Amino acid sequence: MTLAAFILIISSAALHASWNLVAKKNQINLPFVGGICLVSALFLSPVLLWSPVSVVSLPEAFWLSLCCTLIGDCMYWIGLMRAYRLLDMSCAYPMMRSLPLLLTAGVTALLGIGKMLTITAVCGMFLIFAGCLSMPLASFRDFKIRNYLQKGMFFVFLTACGTTWYTIFDSHTQKIMIEALGGTDISKPVISMTYSALREWMLAAVILLPVLLQGKMRTGLVRVFKEYRWSLVFAGIAASLTYLLVLMAMNYVTNVTYVQIFRQSGLLFGVAFGMLILKEKALLPRIAGTILIVTGLILCAVK
């Protein structure tokens, strides 16, 4: 893990927690998600105008991998919408952020993707996961399996699976793109920015299609832009910058699981926002979980 990757991912984590807070406060639904995706795509549109990358000349493997990425994105948004409708942010957010750790590590190990994680990094990863599990608890006595099987946890798991899916395919798609442009002098950050802009427009098209095809959804889209204009603008820009920074960080790690590990630092921002803005209680399990997460991040940083 390089210093550049660390800075990029920590910045991304802060932005991620910020726009999730906005989404939770505004009762996120499909028109709201469509608005976020549209703002994100428009925000990154200038990149496609000045980028030296000729996207039409990219190989079929790139487009196939990008389509696979969009499947993961759809899983993520469906899970996020339902999870935030059924659960508190302090419960859903930690689980959605922690589960992809083990899922990504398991998939990359199974498929032999990237450099093997060190023992120290694996220990740190499990500390982060343990910390995330304790954060939704009101008391340590509530640590029971049935408390994690309540209605809504299926959608938390779906969100985690979507995150794992698109993270792995985004890493693979970028590698295809970099290899296809190997004979040029285009830098990796420019490639990541171009890919992110293209990705956002593809995702916006996929999300907005069912919205535009239904009269009630179209009305809902107009309504959210009227009622939540600035919330949508902030969430859209923050969401686009969040994942753009992650895509750029992928170019500076030896295993994409490291990206997932350090994205968990967003939980610290999430806890702070919850206490300061949503006035949530500073419960002992939440404090202990925060300490475990920080410890795990330090272990991962030193490898």
Side-chain angles (χ1 to χ4, degrees), residues 1-25 36 40 72-73 76-77 79-80 83-84 89-105 121 124-125 127-136 156 159-160 162-164 166-168 170-171 189 192 196 234-253 255-278 280 286-287 289-302:
M1 170 69 71
T2 64
L3 178 61
F6 179 79
I7 294 174
L8 288 169
I9 296 172
I10 294 299
S11 302
S12 171
L15 286 170
H16 188 275
S18 299
W19 76 256
N20 267 258
L21 176 66
V22 170
K24 172 61 178 174
K25 289 181 66 176
I36 291 176
S40 297
D73 272 312
Y76 170 82
W77 281 112
L80 189 74
Y84 277 164
M89 183 177 178
S90 61
C91 177
Y93 192 75
M95 295 295 291
M96 289 188 295
R97 302 301 289 164
S98 61
L99 284 175
L101 273 175
L102 294 185
L103 293 175
T104 303
M125 182 178 67
L127 280 178
I128 294 169
F129 183 69
C132 292
L133 287 179
S134 71
M135 292 181 73
V156 169
T159 304
T163 302
T164 303
Y166 73 63
T167 298
I168 292 173
D170 273 330
S171 179
S192 293
S196 183
F234 173 79
I237 293 175
S240 60
L241 287 176
T242 292
Y243 206 60
L244 172 59
L245 295 175
V246 169
L247 290 171
M248 294 176 69
M250 287 180 182
N251 297 311
Y252 301 99
V253 296
N255 189 314
V256 71
T257 301
Y258 284 118
V259 175
Q260 285 287 31
I261 290 171
F262 279 87
R263 290 185 75 188
Q264 306 316 305
S265 59
L267 289 169
L268 306 180
F269 295 104
V271 171
F273 293 160
M275 293 179 182
L276 297 174
I277 299 175
L278 299 180
E280 296 176 348
R286 197 164 298 167
I287 295 173
T290 302
I291 294 172
L292 284 173
I293 291 170
V294 172
T295 304
L297 288 171
I298 293 173
L299 287 177
C300 293
V302 300

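The figures that follow rest on heavy atoms only: side chains count, while hydrogens, waters and symmetry mates do not. Predicted model only: the values in this text are computed from it and were never measured.
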Distance-only, no hydrogens or angles: does the [X] side chain make a donor-acceptor pair with backbone N or O of [Y] under 3.5 Å?
X: T164; Y: A160; value: yes
X: S40; Y: A239; value: no
X: S12; Y: L8; value: no
X: S171; Y: I168; value: no

For the residue pair [X] and [Y], what are the closest heavy atoms and their distance?
X: T242; Y: H16; result: OG1-N, 3.4 Å
X: L244; Y: S196; result: CD1-CB, 3.7 Å
X: V22; Y: A235; result: CG1-CB, 4.3 Å

Separation of [Y] [atom2] from [X] [atom1] (nearest 0.5 Å):
X: L245; Y: I9; atom1: CG; atom2: CD1; value: 9.5 Å
X: T163; Y: D170; atom1: OG1; atom2: CG; value: 11.0 Å
X: N20; Y: L80; atom1: CG; atom2: CG; value: 5.5 Å
X: I291; Y: S134; atom1: CD1; atom2: OG; value: 9.5 Å

Measure up the W19 and W77 rings against each other and bin them: parallel (under 30°), tilted (30 to 60°), perpendicular (over 60°).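 Because their plane-to-plane angle lies in the 30° to 60° range, the rings of W19 and W77 count as tilted.
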